[in-house]
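Have a look at the structure below, then the notes.
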Number of protein chains: 4
Amino acid sequence: MFSKFLSLDSEKQDRIINAAIKEFAQKGYDNASTNEMVKEAGISKGLLFHYFKNKKQLFLFLFDYCYSLVADEFYKKVDLTEPDFFKRIRQSVHIKMDLQTKYPDILTFIQEAFMQDSPEIKDEFDKKKLELNAINIGIIYDGIDLSKFRDDVDVQKILKVISWTFEKMSDEELHKAKMVPGHKIDYEKVFLEAEEYFELFIKCFYK
Amino acid sequence: MFSKFLSLDSEKQDRIINAAIKEFAQKGYDNASTNEMVKEAGISKGLLFHYFKNKKQLFLFLFDYCYSLVADEFYKKVDLTEPDFFKRIRQSVHIKMDLQTKYPDILTFIQEAFMQDSPEIKDEFDKKKLELNAINIGIIYDGIDLSKFRDDVDVQKILKVISWTFEKMSDEELHKAKMVPGHKIDYEKVFLEAEEYFELFIKCFYK
Amino acid sequence: MFSKFLSLDSEKQDRIINAAIKEFAQKGYDNASTNEMVKEAGISKGLLFHYFKNKKQLFLFLFDYCYSLVADEFYKKVDLTEPDFFKRIRQSVHIKMDLQTKYPDILTFIQEAFMQDSPEIKDEFDKKKLELNAINIGIIYDGIDLSKFRDDVDVQKILKVISWTFEKMSDEELHKAKMVPGHKIDYEKVFLEAEEYFELFIKCFYK
Amino acid sequence: MFSKFLSLDSEKQDRIINAAIKEFAQKGYDNASTNEMVKEAGISKGLLFHYFKNKKQLFLFLFDYCYSLVADEFYKKVDLTEPDFFKRIRQSVHIKMDLQTKYPDILTFIQEAFMQDSPEIKDEFDKKKLELNAINIGIIYDGIDLSKFRDDVDVQKILKVISWTFEKMSDEELHKAKMVPGHKIDYEKVFLEAEEYFELFIKCFYK
DNA sequence: CATGAATGAGCCTTCATTCAT
DNA sequence: TATGAATGAAGGCTCATTCAT
């Protein structure tokens with residue numbers, strides 16, 4: 001599908017990818033302008049469509065590209081032999097924040113992508129989201145030592161509550177960051193807040 | 001401001017409101033087409049702007065309208081004298097689901113509205129969101145008996161975890177519903193699932 | 001034609017006329033908004049069209065109204081028994097400037113009207129301009145003592161040169177005034193400049 | 001700025017320019033319709049804006065284009081070594097009339113452009129007018145032998161009177177031409193009339 | 001492989017004018 | 001006489017996409 005694009009020299013690939021990600025991340029799917037992308041990437045209008053056929057395919061390609069890139073780094077860094085759920089999730093939070101710092105545009109793009117539901121891309125994109133979710137939960141919970149959790153409640157539910165908590169925490173922080181232009185996330189503070197939730201969960205959910 | 005519109009016979013008001021809500025809910029602020037709205041409502045192009053001046057005002061009006069409608073019903077039904085947090089939140093979940101059944105489009109619209117961040121409406125709309133949030137938290141947590149919660153952890157954090165859990169539960173359900181066209185939420189099942197989380201929280205977070 | 005309007009009580013007539021003149025004067029024929037007029041005059045949309053049928057008729061009516069008003073005042077003040085051309089033209093200049101101060105909106109409206117040539121009103125309006133010109137020249141030159149002018153040139157041409165000079169002078173001044181927002185015409189200076197041209201003409205064109 | 005447009009084959013350039021000039025000349029800036037222009041030029045909606053970005057830039061481009069074209073021809077034909085003011089101005093009048101015959105639309109456009117004062121283009125356009133005026137007066141009066149004029153009056157004022165006279169003459173002729181559809185200017189007659197004014201001025205303003 | 005001119009549907013909004021009340 | 005809701009054409013402009021070169 002995108003073989004033509006992938007056989008380009010990688011410098012040009014990068015220029016195009018970065019320009020497109022930036023535009024999508026800043027303006028969302030519908031308002032992103034292919035014009036701006038080609039201008040920023042220094043290529044011609046026609047070429048973009050030569051490689052990607054249309055905006056939708058470009059978006060879907062970028063999403064796969066970004067997701068792979070981020071997921072690869074993530075799974076490279078995460079220690080799947082760590083059996084303690086809280087240590088694992090703490091790792092995840094830290095890695096996620098590292099990635100945020102390392103690839104801010106890409107992370108923003110993924111985030112925006114997950115919030116998108118322009119009718120144009122809805123069908124194909126929702127499938128992707130579902131897949132990813134299924135994969136993630138499986139992998140992340142893999143090898144976790146569940147014996148430390150209380151026996152009187154459903155452990156699966158506890159895990160969900162914990163995951164949701166950190167997702168919401170991160171959402172809130174991102175949201176605040178978007179609200180105040182120029183506002184940067186204070187990672188120090190977020191780490192500390194996360195630690196407090198860890199303690200709470202250990203007290204309440206461990207035996 | 002919208003007095004012209006509000007003094008219309010309510011059948012026409014409804015036609016316009018429903019058409020506009022539907023369009024905004026399906027496509028988001030930027031991509032919603034006023035053309036489609038008037039076509040669906042069976043009115044002329046000019047008339048919409050006779051009532052609302054521009055797209056932004058229309059959106060803001062609809063949000064207030066929807067929010068008021070839903071909030072009114074909500075506060076009419078919620079029992080603010082119930083001091084037990086879990087009973088209160090259980091109420092909320094039930095009421096919310098009733099509303100979902102009664103006004104599916106409106107709930108979707110509000111949901112989408114909260115996710116919107118088109119630059120066009122950002123400023124005015126973010127203010128609204130903040131206000132609503134502040135009011136809601138205040139009212140919903142009002143009169144809650146906090147003495148039942150464990151003393152060894154921060155109660156505020158517990159409350160957050162609980163709220164987030166039910167928000168996420170509801171999000172997931174909504175999301176699944178949107179994914180499969182024609183799929184209806186099985187409230188019976190959702191209630192039961194919610195109950196399981198209530199039990200979990202009572203066991204873990206109460207003294 | 002406008003009898004319905006003219007039998008209104010004069011206070012309402014004035015409100016309508018003033019509102020309409022102001023709008024036309026400020027924005028020109030095409031950009032003047034009948035909406036603004038009715039808002040300013042405090043009457044309903046329909047009523048304006050009840051009296052004037054359409055924008056064009058309103059404009060034409062206003063032009064006649066303004067022109068009559070100004071012309072009446074002009075001919076009331078001008079001394080047609082003064083046989084000296086320069087004294088006569090000096091009078092004209094002074095009277096014109098008085099009117100400018102007394103009815104600034106009306107004079108602006110007439111001025112703008114003469115510059116208008118929106119295709120909408122062109123045909124009917126050009127006829128009016130021609131008529132007025134014919135009348136004016138006739139009346140103003142009426143009773144002038146031509147014997148003071150040199151015999152070796154065509155007096156009619158001299159009169160034209162003189163008229164044109166003062167018209168251009170006035171045009172230039174108006175133009176400057178429009179160029180610099182808030183700039184007011186310095187009548188003192190204009191009078192003095194006009195006097196210098198009078199002297200020049202007397203020296204060159206009188207025997 | 002307009003390089004895209006200028007590298008078009010000239011046949012298409014001309015079609016677009018002519019269509020746009022015609023529309024602007026007939027209806028003025030505000031009422032000229034870009035829709036009509038593209039229809040007349042036989043190009044698509046988008047293309048016009050591909051070349052010119054917006055209506056204002058198009059107008060400004062056309063003005064420069066027209067002015068350059070006309071000014072070039074003018075200065076090519078005018079003999080700046082002729083020291084006699086009347087001979088010089090006679091030349092100007094003749095050249096202007098030639099241009100009028102050769103490029104009637106363009107001259108009308110320039111004429112209309114100078115009368116325009118839509119707020120949209122006011123600022124940028126007024127600057128242009130001022131510049132042009134300054135340049136013109138300088139060049140046209142350059143090298144004129146002022147010693148032939150009477151010493152008892154201000155020569156600068158005489159020059160103004162003379163310029164104004166021929167401008168007004170030309171305005172009146174144009175105006176008459178516009179009034180009667182299909183009426184062509186009788187240059188023969190105009191030349192003769194101009195000659196009579198020359199004689200008058202020589203008699204009255206030369207020593 | 002690469003260009004960018006060309007397309008035309010679609011966008012939101014304004015407007016003079018009509019007409020039922 | 002008086003209202004203002006209702007109309008719908010027209011306005012400038014943007015955009016993803018195509019195609020001849």
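We name chains A, B, ... by the order of the sequence lines, and we start the count at 1 in each one.
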- [ ] At under 4.0 Å between heavy atoms, which parts of nucleotides 13-21 of chain F does protein reach? Answer with one letter per nucleotide, 5' to 3': B base, S sugar-phosphate only, - none.
- [x] BB-BBB---

Open item on the list: Closest-nucleotide mapping onto DNA chain F: is B:S7 or C:K4 further toward the 5' terminus? I mean the 5' end.
Closed with: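 On the 5' side of the pair lies C:K4.
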
Task: Summary of side chain to side chain donor-acceptor pair (under 3.5 Å) pairs that have at least one residue in residues 3-14 of chain C, sequence neighbours excluded - done: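 For residues 3-14 of chain C, and leaving out neighbouring residues, the side chain to side chain donor-acceptor pair (under 3.5 Å) pairs sorted by first residue read C:E11-C:R15.
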
Open item on the list: Counting only side-chain heavy atoms from C-beta out, which of F:dT1, E:dT7, F:dT3 sits nearest to D:S44?
Closed with: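 Nearest nucleotide to the side chain: E:dT7.
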
- [ ] Let me know, please, whether A:Y51 or D:K12 comes out on the 5' side of the other along DNA chain E by nearest nucleotide.
- [x]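 Counting from the 5' end, the first nearest nucleotide belongs to A:Y51.
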
TODO: Would you mind telling me which residue lines up with the more 5' stretch of DNA chain E, D:L48 or A:G42, judged by nearest nucleotide?
DONE: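 In this pair, the answer is A:G42.
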
Please tabulate, for side-chain N and O atoms in residues 43-53 of chain C, each donor-acceptor pair with protein atoms closer than 3.5 Å (sequence neighbours left out).
{"residue": "C:S44", "atom": "OG", "partner": "C:L47", "partner atom": "N", "Å": "3.3"}

Task: Non-hydrogen side-chain atoms of C:I16 and C:V38 separated by less than 4.5 Å - done: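 No, too far: nothing below the 4.5 Å cut-off.
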
Open item on the list: Within the structure provided, determine whether B:E40 and B:K22 are in side-chain contact (heavy-atom separation under 4.5 Å).
Closed with: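 Yes. Closest side-chain heavy atoms under 4.5 Å.
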
Length of the line joining [X]:[atom1] and [N]:[atom2], which is rounded to integer Å:
{"X": "D:L8", "N": "E:dG4", "atom1": "CG", "atom2": "C1'", "result": "12 Å"}
{"X": "B:K27", "N": "E:dG10", "atom1": "NZ", "atom2": "P", "result": "11 Å"}
{"X": "B:K39", "N": "E:dA9", "atom1": "NZ", "atom2": "P", "result": "13 Å"}
{"X": "D:M37", "N": "F:dA10", "atom1": "CE", "atom2": "C1'", "result": "14 Å"}
{"X": "C:D9", "N": "F:dT1", "atom1": "CG", "atom2": "C1'", "result": "13 Å"}
{"X": "D:F24", "N": "F:dG11", "atom1": "CZ", "atom2": "P", "result": "13 Å"}

Task: Residues that B:F109 engages under ring-ring contact (aromatic ring centres under 6.0 Å, His included), provided they are two or more places apart - done: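 Checked B:F109 against ring-ring contact (aromatic ring centres under 6.0 Å, His included); matches are B:F59.
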
Open item on the list: If you take the centroid of each ring, where Trp contributes its six-membered ring, are A:F61 and A:F5 closer together than 6.0 Å?
Closed with: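 Ring centroids of A:F5 and A:F61 are less than 6.0 Å from each other.
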
Task: Pairwise distance NZ(D:K55) to CG(D:L60) - rounded to 0.5 angstrom - done: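 Spacing of NZ (D:K55) from CG (D:L60) equals 13.0 Å.
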
Open item on the list: Measuring from atom OG1 of C:T108 to atom CD1 of C:I21, what distance do you get when rounded to the nearest 0.5 angstrom?
Closed with: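 These two atoms lie 10.0 Å from each other.
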
- [ ] Kindly write out the residues that satisfy salt bridge (charged side-chain N to carboxylate O under 4.0 Å, His left out) with D:D64, not counting sequence neighbours, or none if the list is empty.
- [x]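 With neighbours one apart ignored, the set is D:K128.
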
Open item on the list: Taking 4.0 Å as the cut-off, does a side-chain nitrogen or oxygen of A:H50 come that near to OP1 or OP2 on E:dC1?
Closed with: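 Yes, because at least one side-chain N or O of A:H50 sits under 4.0 Å from OP1 or OP2 of E:dC1.
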
TODO: Please list every stem that involves DNA chain F, where a stem is a run of 3 or more consecutive Watson-Crick or G-U wobble pairs with both pairing distances under 3.5 Å.
DONE: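 Output for stems: E:2-21 with F:2-21.
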
